[in-house]
> 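This is the structure I want to talk about, given as structure tokens.
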Amino acid sequence: MIRVSDTYDPLLNRPFSICYADSSHNTIAVVYQVVGKGTLMLSREKPGDSLAISHPLGRGFPVRQSERTMPILLGGGIGIAPLLSIFSTNRSFAEKARVFWGIRGKADFFDFKMVDESLSGLPLSLSSEDGTIGEKGTVLELFLARVHDIRDLNVAPIVYACGPTEMLRPLSRICHDQKIELYVSLETRMACGTGYCLGCSVPSSEGKYLRTCREGPVFNAASLSWEQIHECH
Amino acid sequence: MNVIDLSTEISGLQFSSPLMTASGTAGYGKEFLQAPCPSLGAFVTKGISLKPRKGNPPPRVCETSCGLLNAIGLENIGLEAFLNEILPFFSGENPPLIVNIFGESTQEIVEIASRLSKHQAVKALELNVSCPNVRAGGIAFGKDARILSALIRDVKSKASQPVWVKLTPSVNDIAVIAKAAEEAGADAITVANSYTGIAVDIEREEYCLGNITGGLTGPAIKPLSQYAVWQVVKEVRVPVIASGGCASARDALEYFLLGARAVQIGTMALVNPSIFDEILDGLEEFFKRRGIPSLNNWIGRLK
């Protein structure tokens, strides 16, 4: 959670995912898009300014040590940011990853090496809805076109995804049907980030509520009730 | 002058600090008090009902100008789990435990009160008759002086601890309700709860909250809550606990000056977890600067 202002408007801290953490330099990278008042204020901070941050909170992407596991990162828009975190939590595991990234158009693109030099040259499959960069289409179309090739490699794919609900919901169906393990990082309206207010709850497949800030933001897709999960506005 | 006395007495209980958590903003205490919080005078739990409650559909929170609109829907683990999993945690080391309780019927609330009355770790009950976010339970009791009086009498007859009553500000005359609560035996009155509100999304042409209406809290409501406190302190002799948008030592000092004996902090503790320490330090600094030896010398000075 990042405090974006010292005043009462905006009142709440903002939740962000950590995109990259470098323990040797004691730094973290957060990649965000300006969408509202909070991110606009954040974008006006200058190099050297200080911010109040509480971190890390919640659960990140689980890592599998098995030789046969192939991580697949599937990001929609700015949703690519939390996925890249596996490169700092387990580099050797992440090295095996295939990266699929879908954006609306060229304007949304950024080079991963802006986050960290070590992220340059990843095996990236890129798509854009308007066709101005990468293949024309959605990231789901891109993924579906490649999933059989990946299957043929005799590996156990594990998908890590983040993006709009309209992307995650069909993806959860695809992965369920193809028996592929899927973990998603969810975005919800959030107040405290520490589990007390119960404001960020999402419906679980067992008919209960799970807190995005504590039990998530990364969930096994099978633990969620997708028809009741709505877009975060 | 070296030590400022910041203690306060409410319903026969002595609190080392006049700051408390506001119900529903700090859970049940087991997680919140993992790190010791000596600046907290009392811990007020999230509202407990007889049976667990699932709560409202999301979205449950929405930020508004200087405020937070919420419709959590009193999600809680229920009395049984509270007694088994939470209560054993509260021992001498922790701040006094105040359990906030609510229910859909008098019978249900009385049963909770009578079962909690057996537990010495529970120092007082805070009766929630003011949650705006659930149809049945809570606020229905808090809007009618006669119904509220009957409920308080029933709860008092079973409770061994002091009973605090947390009122809703969404009434025609909160002073009338407060007076009725006092006459029925309330040992203290918490003023107040959130204000019912709505937020609208013009792009989606939709309500921002899953529950449509929510309760507004945070700095936006402070003048409204201060008005409610001002009305109530003139009317009752039992202690008044203020709750509503307290964000700084200055805000707390304002509430004390109006006559509140303690201040609950909720929304701003969600934003700033160290707020209790900061406010307590601020109170001490202010009283030192002004040469005021104790909080009691300050409370209610504004007539």
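Because the structure is predicted, anything quoted here is derived from the model rather than measured. The chains referred to below are lettered A, B, ... by the order of the sequence lines, with proteins before strands, and numbering in each begins at 1.
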> In terms of heavy-atom contacts, does OH of B/Y227 have more than 12 from other residues, nucleotides or ligands at under 6.0 Å?
no
> Check A/Y209 against B/K54 and note the closest heavy-atom contact, atom names and distance.
CD1-O, 3.1 Å
> For a 4.5 angstrom cut-off between non-hydrogen side-chain atoms, does B/C66 reach A/D9?
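Yes; the side chains approach each other to less than 4.5 Å.
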> Please indicate whether B/F89 has more than 12 foreign heavy atoms, meaning atoms of other residues, nucleotides or ligands, lying under 6.0 Å from its CZ.
yes
> Taking NZ in A/K37 as the centre, count heavy atoms belonging to other residues, nucleotides or ligands within less than 6.0 Å. Is the count above 12?
yes
> Can you confirm whether more than 12 heavy atoms, excluding those of A/R104, are under 6.0 Å from its CZ atom?
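Open: at most 12 neighbouring heavy atoms sit under 6.0 Å from CZ of A/R104.
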> Could you tell me which of A/R14, A/K208, A/M1 has the largest number of non-hydrogen atom pairs under 4.5 Å with chain B?
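The residue among A/R14, A/K208, A/M1 with the greatest pair count is A/R14.
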> Taking A/V202, A/L12, A/N13, A/T7 one by one, which has the highest count of heavy-atom pairs under 4.5 Å against chain B?
A/L12
> Between B/T25 and chain A, which part of the residue has a heavy atom less than 4.5 Å away: side chain, backbone, both or neither?
backbone
> Check whether B/E75 reaches the backbone of A/L198 with its side chain - one donor and one acceptor, N or O, closer than 3.5 Å.
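Flag not set: sc B/E75 to bb A/L198 has no pair under 3.5 Å.
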> Does A/N26, at its CG atom, have more than 12 non-hydrogen atoms belonging to other residues, nucleotides or ligands within less than 6.0 Å?
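Atom CG in A/N26 is not crowded, with 12 or fewer foreign heavy atoms closer than 6.0 Å.
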> Relative to chain A, which segment of B/A269 carries a heavy atom at a distance below 4.5 Å: side chain, backbone, both, or neither?
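Neither part; nothing is under 4.5 Å.
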> Are more than 12 heavy atoms, taken from residues, nucleotides or ligands other than B/E285, located less than 6.0 Å from that residue's CD atom?
no
> Take atom CD of B/E126 as the centre, draw a 6.0 Å sphere, and report whether it contains more than 12 heavy atoms from other residues, nucleotides or ligands.
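Count over threshold, so yes.
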> Using a cut-off of under 4.5 Å on heavy-atom pairs, state which of A/G195, A/S201, A/A191 scores highest against chain B.
A/S201
> Could you report the tightest heavy-atom contact between B/D251 and A/Y8, atom names first, then the distance?
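It is OD2-OH, 4.3 Å.
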> Using non-hydrogen atoms only, which part of B/P57 is less than 4.5 Å away from chain A: side chain, backbone, both, or neither?
both
> Please identify, among A/S54, A/P203, A/G199, the residue contributing the most non-hydrogen atom pairs under 4.5 Å to chain B.
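Top option by heavy-atom pairs under 4.5 Å: A/G199.
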> Could you tell me whether A/E227 atom CD has more than 12 heavy atoms of other residues or ligands within 6.0 Å of it?
yes
> Quick check: do B/E206 and A/H230 have side-chain heavy atoms less than 4.5 Å from each other?
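Contact flag for B/E206/A/H230 side chains = no.
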> Closest approach of A/C197 and B/I72, non-hydrogen atoms and distance?
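Of all heavy-atom pairs spanning A/C197 and B/I72, the closest is O-CD1, 3.3 Å.
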> Should B/V271 and A/R3 count as side-chain neighbours, where that means a heavy-atom distance under 4.5 Å?
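Of all side-chain heavy-atom pairs linking A/R3 with B/V271, at least one is under 4.5 Å.
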> So which of B/G67, B/G266, B/G24, B/G218 has the biggest tally of heavy-atom pairs under 4.5 Å with chain A?
B/G67
> Relative to chain B, which of A/C200, A/G193, A/G207 shows the most heavy atom pairs under 4.5 Å?
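The answer is A/G207.
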> Could you tell me whether the side chain of A/Y196 and the main chain of B/F32 form a donor-acceptor pair under 3.5 Å?
yes
> From B/L270 CG over to A/L11 CG, what is the distance, rounded to the nearest 0.5 angstrom?
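If we round to the nearest 0.5 Å, B/L270:CG and A/L11:CG are 9.0 Å apart.
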